[in-house]
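Below: the structure, in structure tokens.
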Amino acid sequence: MIKPIWERISKYDQWYLSDMCLINTILFLFPVDIAIEFTQNVLKRLNKYNSFRDIELLKSAFNINLSLLVITNEDYSTALSIINDSLRQYKRKMNYYTSSAFFKKSYLSFPSWLQ
């Protein structure tokens, strides 16, 4: 169901901010490989909106949502890498998303959870 949507959207030259916000809310429906590709693509496209208010929050939200999807896929090292990158880039915007990232990082840092 999601794959045809991704194949269509990925060919668009222009993505609107509202489209990217909508996709962020359903990111968990995508297979992990498509979600990773999509998130990388979106983060590049969002750079043109840097003058918009709270655009960094949307970028952070994409990374945090992607990390949760990767965690549910049991790829903990990739999830930790995504979380660390997100915290490095967006930590000056402390909010729910960065708090969520800190929690997920703590969760992934304890080896007993990974057994």
Side-chain angles (χ1 to χ4, degrees):
M1 179 173 121
I2 293 295
K3 195 165 187 164
I5 296 170
W6 165 242
E7 288 172 355
R8 184 175 43 106
I9 292 173
S10 66
K11 294 176 184 165
Y12 289 168
D13 290 333
Q14 175 67 38
W15 290 359
Y16 296 100
L17 188 56
S18 59
D19 297 332
M20 291 183 267
C21 290
L22 177 64
I23 294 296
N24 185 45
T25 62
I26 62 168
L27 191 65
F28 69 94
L29 296 174
F30 289 92
V32 174
D33 58 331
I34 292 176
I36 290 171
E37 181 183 344
F38 181 79
T39 299
Q40 292 169 347
N41 196 322
V42 166
L43 293 175
K44 289 176 190 170
R45 290 174 184 252
L46 282 173
N47 285 333
K48 74 178 181 178
Y49 295 101
N50 279 340
S51 62
F52 284 46
R53 186 176 151 219
D54 295 333
I55 201 66
E56 287 187 357
L57 294 177
L58 180 57
K59 290 178 181 180
S60 178
F62 263 101
N63 279 323
I64 299 306
N65 290 339
L66 179 62
S67 72
L68 183 57
L69 181 61
V70 173
I71 288 169
T72 59
N73 201 45
E74 298 182 359
D75 186 355
Y76 303 115
S77 61
T78 301
L80 190 57
S81 175
I82 292 167
I83 291 166
N84 282 331
D85 289 345
S86 184
L87 288 173
R88 239 187 329 276
Q89 292 176 16
Y90 310 114
K91 69 180 170 185
R92 66 181 171 274
K93 293 278 189 184
M94 293 303 290
N95 61 23
Y96 169 77
Y97 293 112
T98 49
S99 299
S100 173
F102 278 118
F103 173 77
K104 290 174 187 172
K105 181 178 178 180
S106 299
Y107 176 82
L108 293 172
S109 296
F110 290 102
S112 63
W113 290 103
L114 302 177
Q115 295 177 359

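Quantities reported herein were computed from a predicted structural model and do not represent experimental measurements.
- Gln40 contributes atom CD, which lies 9.5 Å from atom CG of Asn63 (distance to the nearest 0.5 angstrom).
- By the 30° and 60° cut-offs, the orientation of the rings of Phe38 relative to Phe30 is parallel.
- For the side chain to side chain contact (heavy atoms under 4.5 Å, CB included) test, residues two or more places apart in sequence or in another chain that qualify with Asn47 are Asn50, Lys59.
- Here salt bridge (Lys or Arg N to Asp or Glu O under 4.0 Å) pairs that include residues 74-85, with residues two or more places apart or in two chains, are Asp85-Arg88.
- In this structure, Trp15 has its ring center no closer than 6.0 Å to that of Tyr49.
- Across all their heavy atoms, Leu66 and Leu27 have their closest contact at N-CD2, 3.8 Å.
- Under the 3.5 Å distance criterion, the side-chain polar atoms of Thr72 are matched with a main-chain donor or acceptor of Leu69.
- No donor-acceptor pair closer than 3.5 Å links the side chain of Ser60 to the backbone N or O of Glu56.
- Scored by the ring-ring contact (aromatic ring centres under 6.0 Å, His included) test, Phe28 finds no partners at all (sequence neighbours excluded).
- Nearest heavy atoms, Leu58 versus Cys21: CD2-SG, 3.8 Å.
- Between Ala61 and Asn24 the shortest heavy-atom distance is CB-ND2, 3.6 Å.
- Under the rule for a salt bridge (Lys or Arg N to Asp or Glu O under 4.0 Å), Asp19 has no partner lying at least two apart in sequence or in another chain.
- Applying the ring-ring contact (aromatic ring centres under 6.0 Å, His included) rule to Tyr16 yields no partners; only residues at least two apart in sequence or on another chain are considered.
- Not a single donor-acceptor pair under 3.5 Å links the side chain of Ser86 to the backbone N or O of Ile83.
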Please evaluate residues Leu17 and Ile55 with respect to the criterion side-chain contact (heavy atoms from CB on, under 4.5 Å), reporting the C-alpha separation (whole Å), side-chain torsions for both, the decisive distance (0.1 Å), and the verdict. CA-CA 9 Å; Leu17 188 56; Ile55 201 66; 3.7 Å; yes

